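Just so it is clear, the structure is predicted and the values come from calculations on it, not from any experiment.
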Amino acid sequence: MKTLTILGSTGSIGVSTLDVVKRSPERYRIHALAAGQNADRLAEQVLQFHPQVVVTATNEAQASLISRLRDARLPEKQWPQLQWGSLARVSAATDPEVDFVMSAIVGVAGLEATYAAIRSGKRVGLANKEVLVASGKLVIEAARESGTELIPVDSEHNGAHQCLRAGRRNEVARLILTASGGPFRETSREKLASVTPAEALNHPTWKMGRRITIDSATLMNKGFEVIEACWLFGLSADEVDVVIHPQSTVHAMVEYTDGSVVAQISATDMRMPIQYALTYPDREAALVPRLDWNEPRSWTFCAPDFDKFPALRLAYDAQRAGGSATCTLNAADEVAVDAFLNGQISFSSIPEVVEETLQRVPIREARSIQEVLEIDGISRVAAGEVVGKKTRTFEERGRLSVQA
């Protein structure tokens, strides 16, 4: 039996992980659940999975959870230990009882706990891109020192992990990550400036959180995946390609030096890569849809448009630049996406904010997680200043448009 801590239990990956756990109660036990503000869903998870520890992001969220547990008439003697804050997340991720940590907190909020889990030798299922985008060098060095394994859960990296089992590292010519292309794959560059948050949140394939959905629309998410793949698999940016594949069935491909290409193909259901991460190196039956090869189907592939989606280019450039550039990239993007969702800037301004922030924040080499978080904070301030400038321009254009 494996004992789990789930960082981000109320998000989509956390919910899917618990679904896998629910179907094999003889194999898995939940030690700790860590979540943000969703007290309703967290209370439901407590009632169903009986964790020993529950961590919320804030004291206020903990108070909301207590209220829900009382409403559910759960006797206090059956309550888990209730904690909150970043130090509590670290404790939950490094507890001696824990075998496996699912890292699924969006943003850098889960960075400290994930890094601590890696340093303490826990196997980590990595569903949080920001861990490697913001601090890839530190995290990979920690994994090597502790001898632990990082098993990617993102469908593309999980697919790559499976494909790479077909050969040795020195036989790999390149890794190919697929992208759906998002909702604006066929939208002209000129029309992108006027798209609304509602349109950008309408992803054609996946149901995800708000930020990752916008990042998929700008292709920044695919850029983050390129950076993550470089760290996970020891590749340079020039060895990782992206192709647009709207059907989202081929998740990743590895081309070997002899010209052979190995692809990982499956239905779009996150429970499969989650179970793979939990059971690796073994494979077990997963309750996910199977592909019916008797049905006619067609798959298409094409190159991404770097001019229309400059965010992807910025990610490649940041990875090549090295140091703290990718940390700034992530922080600036989060600020820019929030500004777009709040109506402060246009969709096309998201990569513009990121690019100008990268120009403003000097690149340096972070020597600790605290330094990474410091760079993240500096980058967010710089991005906020850029947003403020663009907001004024955006409002002025709106007034002129109304007057016209």
(Q) Could you go through Q162 and N158, starting from their C-alpha distance and side-chain angles, then the distance that decides it, and tell me whether this counts as side-chain hydrogen bond (donor to acceptor under 3.5 Å, both in side chains)? (A) CA-CA 6 Å; Q162 297 186 52; N158 188 271; 2.8 Å; yes

Could you check whether any side-chain N or O of [X] sits under 3.5 Å from a backbone N or O of [Y], counting only pairs where one atom can act as donor and the other as acceptor?
| X | Y | answer |
| --- | --- | --- |
| W79 | L74 | yes |
| S348 | A193 | yes |
| H157 | H161 | no |
| T178 | V250 | yes |
| T249 | Q247 | yes |
| S194 | K191 | yes |
| R313 | G223 | no |
| R89 | A57 | no |
| S146 | I118 | yes |
| Q275 | E284 | yes |

Can V261 and V254 be said to form a side-chain contact (heavy atoms from CB on, under 4.5 Å), step by step?
-> CA-CA 6 Å; V261 177; V254 172; over 6 Å; no

To the nearest 0.5 Å, what is the distance between CD1 on I212 and CG on L201?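 That separation rounds to 12.5 Å.
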
Evaluate the side-chain proximity of [Y] to [X]: yes if any heavy-atom separation is below 4.5 Å, no if none is.
| X | Y | answer |
| --- | --- | --- |
| I345 | T391 | yes |
| I140 | L132 | yes |
| V226 | Q319 | no |
| S155 | M270 | yes |
| P152 | L150 | no |
| D238 | R320 | yes |
| V262 | L164 | no |
| T5 | D95 | no |

State whether [X] and [Y] are salt-bridged, where the test is any N-O pair (Lys NZ or Arg NE/NH1/NH2 against Asp/Glu carboxylate O) under 4.0 Å.
| X | Y | result |
| --- | --- | --- |
| D71 | R68 | no |
| R123 | E149 | yes |
| D307 | R189 | no |
| E255 | R174 | yes |
| K2 | D99 | no |
| E225 | K222 | yes |
| D292 | R297 | no |
| E171 | R168 | yes |
| D333 | R211 | yes |

Over all heavy atoms of both residues, which pair between [X] and [Y] is shortest? Give the atoms and the distance, please.
| X | Y | answer |
| --- | --- | --- |
| Y28 | L4 | CD2-CD1, 4.0 Å |
| G36 | A61 | O-CB, 3.5 Å |
| A217 | F309 | O-CE2, 3.4 Å |
| F340 | A200 | CE2-CB, 3.9 Å |
| S180 | S248 | CB-OG, 3.4 Å |
| M1 | E26 | CE-O, 3.4 Å |

Please output the side-chain donor-acceptor pairs of residues 46-53 that fall under 3.5 Å, not counting sequence neighbours, one pair per line with the distance.
unit_1: H50; atom_1: NE2; unit_2: L47; atom_2: O; d: 3.4
unit_1: Q52; atom_1: OE1; unit_2: R29; atom_2: NH1; d: 2.6
unit_1: Q52; atom_1: OE1; unit_2: H31; atom_2: ND1; d: 3.4

* Could you go step by step and tell me if I105 and L111 meet the side-chain contact (heavy atoms from CB on, under 4.5 Å) rule? -> CA-CA 8 Å; I105 295 177; L111 176 55; over 6 Å; no

Verify the ring-centre separation between F347 and F184: is it less than 6.0 angstrom?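 Yes - the distance between ring centres of F184 and F347 falls below the 6.0 Å cut-off.
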
Test side-chain contact (heavy atoms from CB on, under 4.5 Å) on L175 and V172; report intermediate values, then the result.
CA-CA 8 Å; L175 167 64; V172 175; 5.6 Å; no

Any side-chain donor-acceptor pair under 3.5 Å between [X] and [Y]?
| X | Y | answer |
| --- | --- | --- |
| T56 | Q62 | no |
| S349 | S346 | yes |
| D258 | S260 | yes |

### Pair L42-V54, side-chain contact (heavy atoms from CB on, under 4.5 Å): steps then yes or no
CA-CA 9 Å; L42 187 55; V54 170; 3.6 Å; yes

Restricting to pairs with a member in residues 111-120, which pass side-chain hydrogen bond (donor to acceptor under 3.5 Å, both in side chains), not counting sequence neighbours?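 Found S103-T114, E112-Q370.
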
Sort and list the pairs that fulfil side-chain hydrogen bond (donor to acceptor under 3.5 Å, both in side chains) and have at least one residue in residues 358-367, not counting sequence neighbours.
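As it turns out, the side-chain hydrogen bond (donor to acceptor under 3.5 Å, both in side chains) pairs with a partner in residues 358-367, which skip direct neighbours, are E356-R360, R360-E385, R364-E371, R364-E374.
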
Practice problem: Test S64 against S67 for side-chain hydrogen bond (donor to acceptor under 3.5 Å, both in side chains), laying out the working first. | Solution: CA-CA 5 Å; S64 296; S67 175; over 6 Å; no

Go through the steps for S266 and H251 under the test side-chain hydrogen bond (donor to acceptor under 3.5 Å, both in side chains), then give the verdict.
CA-CA 8 Å; S266 66; H251 301 297; 3.1 Å; yes

Q: Evaluate the side-chain hydrogen bond (donor to acceptor under 3.5 Å, both in side chains) criterion for residues E97 and T3: first the C-alpha distance (whole Å), next the side-chain angles of each, then the deciding distance (0.1 Å), finally the verdict.
A: CA-CA 7 Å; E97 289 189 35; T3 302; 5.6 Å; no

